[in-house]
Amino acid sequence: MGQSLFYFLAFVALISALGVVFAKNPIHSVLFLILTFFAISGHYLLLNAQFLAAVNIIVYAGAIMVLFLFVIMFLNLNTDTEPHKPVLAKITAAVAGGLLLLVLVAALRNVNPVGADAATFDSQIGMVNRLGLVLYQQYLLPFELASVLFLVAMVGSVMLGKRETGERNF
């Protein structure tokens, strides 16, 4: 059952990723990307990483996709305003993509994947409570420093976006 579910999710992820690239409409491309994120979250669940699956759906399929949709709708892209790319740029992009594929194949050529050993398998490794224990015991200082950094970034963005009385931006 697990292997067939893996192959189904891999098929959905690959088809929807191709839909992201080849969709003419940017809204359809974003919807295909959301489907890709859900398929990847299914893979995380198969790997017993429930926290990563939840974060992937909440952060990427939720917040980031709303931001993408907002930007796409705000820009109001259509075929009249889209600059036409020359043939040389399209050929260069195809060659760059092919070279990237070649580098990936060369890097992964000698990889020998091994299966999980049932004797040493820990079923609690991807659980949220285990992650919380590691995060708050071993990595407490970096976690707190990251939270202070996020707080400073939020205060800075509020200060940059704040308008003074009588000031006009446009």
Side-chain angles (χ1 to χ4, degrees), residues 1-128 130-131 134-135 138-139 142-143 146 149-150 153:
M1 173 68 184
Q3 190 174 10
S4 61
L5 186 60
F6 170 80
Y7 284 125
F8 173 73
L9 288 172
F11 176 76
V12 169
L14 287 174
I15 294 299
S16 59
L18 288 173
V20 170
V21 174
F22 293 118
K24 298 284 186 193
N25 189 345
I27 302 295
H28 294 155
S29 182
V30 168
L31 292 175
F32 278 124
L33 190 57
I34 290 172
L35 184 60
T36 305
F37 284 143
F38 274 102
I40 297 300
S41 292
H43 280 106
Y44 287 147
L45 288 175
L46 287 176
L47 290 171
N48 202 24
Q50 289 84 5
F51 179 73
L52 282 178
V55 166
N56 190 27
I57 289 174
I58 291 169
V59 173
Y60 290 109
I64 301 298
M65 287 300 107
V66 168
L67 180 67
F68 280 2
L69 280 173
F70 175 74
V71 168
I72 287 170
M73 290 179 172
F74 184 70
L75 292 177
N76 194 15
L77 297 175
N78 54 25
T79 57
D80 298 335
T81 60
E82 180 69 22
H84 295 288
K85 297 178 181 52
V87 176
L88 182 62
K90 292 179 182 179
I91 292 173
T92 305
V95 168
L99 287 175
L100 178 64
L101 178 67
L102 183 69
V103 166
L104 286 174
V105 167
L108 298 174
R109 182 182 48 188
N110 294 327
V111 173
N112 294 322
V114 294
D117 186 17
T120 61
F121 181 70
D122 185 11
S123 66
Q124 298 295 313
I125 197 134
M127 298 296 185
V128 177
R130 193 82 166 274
L131 179 68
V134 170
L135 186 64
Q138 295 177 5
Y139 298 104
F143 179 75
L149 180 68
F150 286 140

Requested in this report: Measure the CG-OG1 distance between Leu31 and Thr36 for me, rounded to the nearest 0.5 Å.
Outcome: 10.5 Å
**Report entry** Atom of Phe37, atom of Asn56 and distance for their closest heavy-atom approach
**Finding:** O-ND2, 3.2 Å
Report summary line: Heavy-atom closest pair (Ala10 atom, His43 atom, distance to 0.1 Å) is N-CE1, 3.4 Å
Report summary line: Tested for side-chain contact (heavy atoms from CB on, under 4.5 Å) against Phe11, the lone hit among Leu9, Ile15, Leu14 is Ile15
Query raised in the report: About how many Å separate CZ of Arg109 and CG of Leu104, when rounded to the nearest 0.5 Å?
Result: 13.0 Å
Query raised in the report: Roughly how far, to the nearest 0.5 Å, is the CG atom of Leu46 from the CZ atom of Phe6?
Result: 8.0 Å
**Report entry** Euclidean distance, Phe32 CZ relative to Leu35 CG, rounded to 0.5 Å
**Finding:** 7.5 Å
Report summary line: Taken to the nearest 0.5 Å, the spacing of Ile40 CD1 from Leu52 CG works out to 12.0 Å
Report summary line: Closest non-hydrogen contact found for Lys90 with Lys85 is CE-O, 3.8 Å
Requested in this report: May I ask you to test the Met65-Tyr60 pair for a side-chain heavy-atom distance under 4.5 Å?
Outcome: no
Query - From Leu5 atom CG to Phe8 atom CZ, the distance as rounded to the nearest 0.5 Å - result: 8.0 Å
Query raised in the report: Are the side chains of Ile57 and Phe38 in touch, meaning some heavy atoms are under 4.5 Å apart?
Result: yes
